[in-house]
K.L.:
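Handing you a structure now.
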Amino acid sequence: MADKKQPETSAHAFDVFAQKLTRFIAATDEGDISLQRSDERYRQLLQEREQQLKKTVITTYKKFLSPYEVFGKESRQAAEIVKDETELLTAYHLFSEIQEVNERRATKDTFLVTPVIETPLAERDRYTVGGEFLYLQCWLFYQNGCTAYIPTLKTEVAAADKRRAMHFVPAARYRQSHQEKEIISIIKNCFYPGT
């Protein structure tokens, strides 16, 4: 009799196992589908973010390329941007000339150490906290061919006075954040392809 129960038990156990295996396979297929849907949604969100960033970058950079065209001929904002661009270009040339003189005249004991450029541009909120200084850097680099040095804004602390000033970093030593690289890539690809 024990032998008769064994086949029933084995058959029953096999049926139970087969049912569990079928449920497991069905659950895995449904899980894969939900993972695929989740991956598709994630890709879609990334694509939407990239498109929004690209649109924002293009719109913002156009303000620096053609401020009067974007804001109008009588616009105060356009005039401020043109003034900022002029100040940045002046600061760049001043720094470059100082560096050239330093290279020609300095000795190993007497030399100039990183000059600081004072300019109202370094205090403007749109550049210090607004994040638009990168667009001005790109304007200087791409539109004006000023590629040896990259301007940066740093806080200077002198006595009781705390203010921002402009510094320049040799382009080979300048490091951008991931977000800056993303923005620069968009500007380069949209406005200066092939450079």
K.L.:
When you measure from the side chain of Thr56 to the backbone N and O of Gln52, does any donor-acceptor pair fall under 3.5 Å?
P.N.:
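Yes; judged by distance alone, with no hydrogens or angles, the pair exists.
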K.L.:
What pairs of donor and acceptor atoms, side-chain ones from residues 121-130 against any protein atom, are under 3.5 angstrom apart with sequence neighbours left out?
P.N.:
residue: Glu123; atom: OE2; partner: Arg164; partner atom: N; Å: 2.7
residue: Arg124; atom: NH1; partner: Asp84; partner atom: OD1; Å: 2.5
residue: Arg126; atom: NE; partner: Glu132; partner atom: OE1; Å: 3.0
residue: Arg126; atom: NH2; partner: Glu132; partner atom: OE1; Å: 3.0
residue: Tyr127; atom: OH; partner: Asp84; partner atom: OD2; Å: 2.6
residue: Thr128; atom: OG1; partner: Arg124; partner atom: O; Å: 3.2

K.L.:
Could you tell me which residues satisfy side-chain hydrogen bond (donor to acceptor under 3.5 Å, both in side chains) with Asn144, sequence neighbours excluded, listed by chain and number?
P.N.:
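Asn144: no side-chain hydrogen bond (donor to acceptor under 3.5 Å, both in side chains) contacts found.
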K.L.:
Does atom NZ of Lys62 have more than 12 heavy-atom neighbours, drawn from other residues, nucleotides or ligands, at distances under 6.0 Å?
P.N.:
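12 or below, so no.
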K.L.:
Could you pull out all residues at least two apart from Tyr135 that satisfy ring-ring contact (aromatic ring centres under 6.0 Å, His included)?
P.N.:
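ring-ring contact (aromatic ring centres under 6.0 Å, His included) list for Tyr135, sorted by chain: empty.
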K.L.:
Share the residues that join Val113 in a hydrophobic cluster, the rule being Ile, Leu, Val, Met, Phe, Trp or Tyr side chains under 4.5 Å apart at the heavy-atom level.
P.N.:
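Cluster partners of Val113: Phe111.
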K.L.:
Can you check whether Ser185's main-chain N or O pairs, donor with acceptor, with Asn189's side chain at less than 3.5 Å?
P.N.:
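Side chain of Asn189 to backbone of Ser185: a pair is present.
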K.L.:
Taking only residues two or more places apart in sequence or in another chain, which ones pass side-chain hydrogen bond (donor to acceptor under 3.5 Å, both in side chains) with Arg49?
P.N.:
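Arg49 satisfies side-chain hydrogen bond (donor to acceptor under 3.5 Å, both in side chains) with Glu182 once adjacent residues are dropped.
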K.L.:
Supply the atom-to-atom distance Glu48 CD to Arg41 CZ, rounded to the nearest 0.5 angstrom.
P.N.:
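Spacing of CD (Glu48) from CZ (Arg41) equals 6.0 Å.
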K.L.:
Would you give the length of the straight line joining atom CD1 of Ile183 to atom OG1 of Thr60, rounded to the nearest 0.5 angstrom?
P.N.:
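Nearest 0.5 Å value for the CD1-OG1 distance: 8.5 Å.
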K.L.:
side-chain hydrogen bond (donor to acceptor under 3.5 Å, both in side chains) with Arg76: which residues, sequence neighbours excluded?
P.N.:
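With neighbours one apart ignored, the set is Glu80.
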K.L.:
Between Leu88 and Glu85, is there a side-chain heavy-atom distance shorter than 4.5 Å?
P.N.:
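Of all side-chain heavy-atom pairs linking Leu88 with Glu85, none is under 4.5 Å.
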K.L.:
Is there a side-chain contact between Tyr174 and Tyr149, using heavy atoms and a 4.5 Å cut-off?
P.N.:
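Tyr174 does not reach Tyr149 side chain to side chain.
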K.L.:
Determine whether more than 12 heavy atoms belonging to other residues, nucleotides or ligands lie under 6.0 Å from atom CD of Glu74.
P.N.:
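No.
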K.L.:
Give me the other members of the hydrophobic cluster that Tyr68 sits in, counting Ile, Leu, Val, Met, Phe, Trp and Tyr linked by side-chain heavy atoms under 4.5 Å, directly or via other members.
P.N.:
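Noted: Tyr68 shares its cluster with Val82.
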K.L.:
Sequence neighbours left out, what pairs pass ring pair (Phe, Tyr, Trp, His ring centres under 6.0 Å) with at least one residue falling in residues 69-92?
P.N.:
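Counting only pairs at least two positions apart or across chains, the ring pair (Phe, Tyr, Trp, His ring centres under 6.0 Å) contacts touching residues 69-92 are Tyr92-Phe168.
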K.L.:
Indicate yes or no: at least one non-hydrogen side-chain atom of Pro67 is less than 4.5 angstrom from one of Gln77.
P.N.:
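Side-chain contact under 4.5 Å: no.
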K.L.:
So how far is it from Ile117 CD1 to Leu94 CG, rounded to the nearest 0.5 Å?
P.N.:
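Between atom CD1 of Ile117 and atom CG of Leu94 there are 4.5 Å.
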K.L.:
Would you please name every residue forming a ring-ring contact (aromatic ring centres under 6.0 Å, His included) with Phe141, sequence neighbours left out?
P.N.:
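Listed in chain order: nothing, the list is empty.
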K.L.:
Restricting to ring-ring contact (aromatic ring centres under 6.0 Å, His included), what partner residues turn up for Phe64, sequence neighbours left out?
P.N.:
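None.
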K.L.:
For the side chain of Gln143 and the backbone of Leu65, is there at least one donor-acceptor N/O pair under 3.5 Å apart?
P.N.:
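Not confirmed, Gln143 side chain does not pair with Leu65 backbone.
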K.L.:
Of all residues at least two apart in sequence or in a different chain, which pass the side-chain contact (heavy atoms from CB on, under 4.5 Å) check with Lys188?
P.N.:
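Here the qualifying residues are Tyr142, Thr195.
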K.L.:
Among residues at least two apart in sequence or on other chains, which ones pass side-chain hydrogen bond (donor to acceptor under 3.5 Å, both in side chains) with Glu97?
P.N.:
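side-chain hydrogen bond (donor to acceptor under 3.5 Å, both in side chains) list for Glu97, sorted by chain: empty.
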